[in-house]
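Working notes, structure below.
Numbers restart at 1 for each chain; the letters A, B, ... are given by sequence-line order, proteins then strands.
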Amino acid sequence: MKQGIFTITGHEALTKDVYRMALAGDTSAMSAPGQFVEISLPGFFLRRPISVCDYDASGLVIIYKVVGRGTEAMAAMKEGEKLDVITGLGNGFSPEKGGEKPLLVGGGVGVPPLYHLAKRLVAQGARPEVILGFNKAEEIFYEKEFAALGAGVTVTTVDGSAGVKGFVTAALPDAYSYVYSCGPMPMLRALYAATQGTAGEFSLEERMGCGFGACMGCSIMTKKGSRRVCKDGPVFEKEELAWQI
Amino acid sequence: MADLKVTLSGWELDNPLIPASGTFGYGYEFAELYDINMLGSFSFKGTTREPRFGNPTPRIAETPSGMINAVGMQNPGIDKVISEELPKLARCFHKKVIANIGGFSVEEYAECCAKIDKVEQVGLIELNVSCPNVHNGCMSFGTDPLGVSAVTKAAKAATSKPVYVKLSPNVTDIVPIAAAAAEAGADGISLINTLLGMRIDLRTKKPVIANKMGGFSGSAIFPVALRMVYQVYEAVKLPIIGMGGVTSACDVVEMMLAGATAVEIGSANLVDPWACPHILEELPAVMERYGIESLKDIIGGAH
Ligand SMILES: Cc1cc2nc3c(=O)[nH]c(=O)nc-3n(C[C@H](O)[C@H](O)[C@H](O)COP(=O)(O)OP(=O)(O)OC[C@H]3O[C@@H](n4cnc5c(N)ncnc54)[C@H](O)[C@@H]3O)c2cc1C
Ligand SMILES: Cc1cc2nc3c(=O)[nH]c(=O)nc-3n(C[C@H](O)[C@H](O)[C@H](O)COP(=O)(O)O)c2cc1C
Ligand code: FES
């Protein structure tokens, strides 16, 4: 983990309230797809945890939804402005576990961390299948970007205005070697039940005090005992989650 | 050369900076980020007799210039702290540590103190009396002079280490509570713990925190903390560890002028993991700017 000053090099709206921000700065503390950063916003006490969508040696990309005052302030920031960011937080996904035909399932702003994962999986010769779940057509983002990586992409919308009508579980393929997912809790729980028998990794979300393991603000109970979502997670093996089906 | 040394009950610290309980774990997380031996000491995560998972999540909310937590004293229990956490800490921290002890009955505090008494690594005990008292309708020990007195006496009887009582600010008048601790034999006073606070999520129209209320900390509470340190310094002749909203070297100096001998830094560590090294680095320049040669000389200087 490292703290650094990042410069906004790109900032655009992908939908009505979802933004993509490119940040240039030192990414040497990052080690895996699915890790997150903690962004300090002027005038706010706590940092905001946001997943890394993509990164290389010169910078990173985040995609975030405006849900409150902090993300609203972020949305007003301009290219050239600087942000204080802590990078390299959390464990991240394990691409090496994916096998031949891994399944990636993202819901809403759970989609971004799967992007760099898909990139890694393609690079290691796997053929990832990606399901992106949204509420309606206007909310869809990054469908083309995933397809451009060479992944198979299926979009689902709850209201049927685009792609397969229903939740992500309405579009599960017949066969897949592993399942990676990030999204809202009801989606993860439904997917957990629907993918019994296949191993996988789920990325979870909790309100955070610190984001690096110091405050115990984000503890969850797992089959292996108490775990901190920020430091022991945010990615947990499906088998470790003590969820009732 | 600026002299940063201070002394708590005969224990000389290289400087007055002490990360506060609950914001620094058992130290080794931070030891990966910087050499924590530069600190005066630190107060470890509030520890109880039994292991505790703590409260359901969400446990954290944000406030203007601060935060609210309802972690609920999550800790592995005193035995595991002594057998696992402290030996692990010993590998990266060569100074003595402050043992922050919580409890839900007088006996529990006493038992934990007796166990800590034998631990060489512990420089002093900080009794967190903000926990609910299960024998007294769950009213916090710390809001009642009799409760504070009983816990302090039991702790003193169980250990020969210095006992500092960490007071809750959630009282109408802090002075009689501090006086009760002093009369019961406390070696020092630590203050303040968090203020009781709350936030409501406009989207769900329900409290943000699962436990509804939680402990309010961070820069927002600094003036309240400073005022209470000032009042307690006037009222009792014991060393004070001051804390609450300290985020800069200027805050440290202000706390010491109010009467603190040492200063704990809590929430600041959560938003800037390098907060303590930054403050330590700033301190000599701030001392020079205000004509301070030795920090010892300014303790209670505002009175
Ligand atoms: C590991 C992790 C990764 C995340 N990745 C993304 C991402 O890639 N894209 C994205 O849009 N969002 C992501 N989130 C959620 C994002 O952190 C919140 O939407 C954001 O903090 C809201 O800030 P705000 O000031 O707008 O909301 P407010 O409600 O005003 O914020 C108040 C406080 O609550 C916290 N908070 C509010 N909602 C959440 C939430 N859902 N999760 C955690 N903390 C919250 C804020 O951080 C802040 O401390 C992630 C959360 C976590 C824990
Ligand atoms: C996440 C968190 C956990 C805390 N846990 C404890 C604890 O276990 N025992 C204790 O005595 N105080 C605990 N505190 C209180 C702090 O030690 C400190 O008294 C308080 O936060 C005020 O200082 P600050 O404003 O610098 O944070 C906790 C505070 C926070 C923010
Ligand atoms: S947010 Fe502080 S331990 Fe996870």
Inspect the contact between [Y] and [X] and indicate whether a charged nitrogen and a carboxylate oxygen are less than 4.0 angstrom apart.
X: A:Arg69; Y: B:Glu62; value: no
X: B:Glu32; Y: A:Lys231; value: yes
X: B:Asp201; Y: A:Arg207; value: yes

Give, as side chain, backbone, both or neither, the part of [X] having an atom under 4.5 angstrom from any heavy atom of chain B.
X: A:Met208; value: backbone
X: A:Glu206; value: side chain
X: A:Ile220; value: backbone

Neighbours of chain B found in residues 24-40 of chain A - heavy atoms under 4.5 Å: none

Side-chain donor/acceptor of B:Arg203 to backbone N/O of A:Val67, under 3.5 Å: yes

Go through the atoms of [X] and report whether side chain, backbone, both or neither lie under 4.5 Å from a heavy atom of chain A.
X: B:Ser219; answer: both
X: B:Phe24; answer: backbone
X: B:Ala220; answer: neither
X: B:Leu202; answer: neither
X: B:Phe30; answer: side chain
X: B:Pro64; answer: neither

Please round to the nearest 0.5 Å and tell me the distance separating atom [atom1] of [X] and atom [atom2] of [Y].
X: B:Phe53; Y: A:Met221; atom1: CZ; atom2: CE; result: 4.5 Å
X: A:Ile86; Y: B:Leu33; atom1: CD1; atom2: CG; result: 8.5 Å
X: A:Cys210; Y: B:Asp272; atom1: SG; atom2: CG; result: 12.5 Å

If you look at every heavy atom in [X] and [Y], which pair is closest and at what distance?
X: A:Gly213; Y: B:Glu29; answer: O-OE1, 3.6 Å
X: A:Cys215; Y: B:Ile60; answer: SG-CD1, 4.4 Å
X: B:Gln74; Y: A:Ser226; answer: NE2-OG, 2.6 Å
X: B:Pro273; Y: A:Met1; answer: CG-CE, 3.4 Å
X: B:Thr57; Y: A:Cys218; answer: CG2-C, 4.4 Å

Sort out for me which of [options] touches chain A most, counting heavy-atom pairs under 4.5 Å.
options: B:Thr23, B:Asn55, B:Leu270; value: B:Leu270
options: B:Gly66, B:Pro76, B:Gly72; value: B:Gly66
options: B:Ser65, B:Ala268, B:Ala61; value: B:Ser65

Output all residues satisfying ring-ring contact (aromatic ring centres under 6.0 Å, His included) with A:Phe45, sequence neighbours left out; order by chain, then residue number. none

Does [X] [atom1] have over 12 foreign heavy atoms under 6.0 Å away?
X: A:Lys223; atom1: NZ; result: yes
X: A:Tyr192; atom1: OH; result: yes
X: A:Glu239; atom1: CD; result: yes

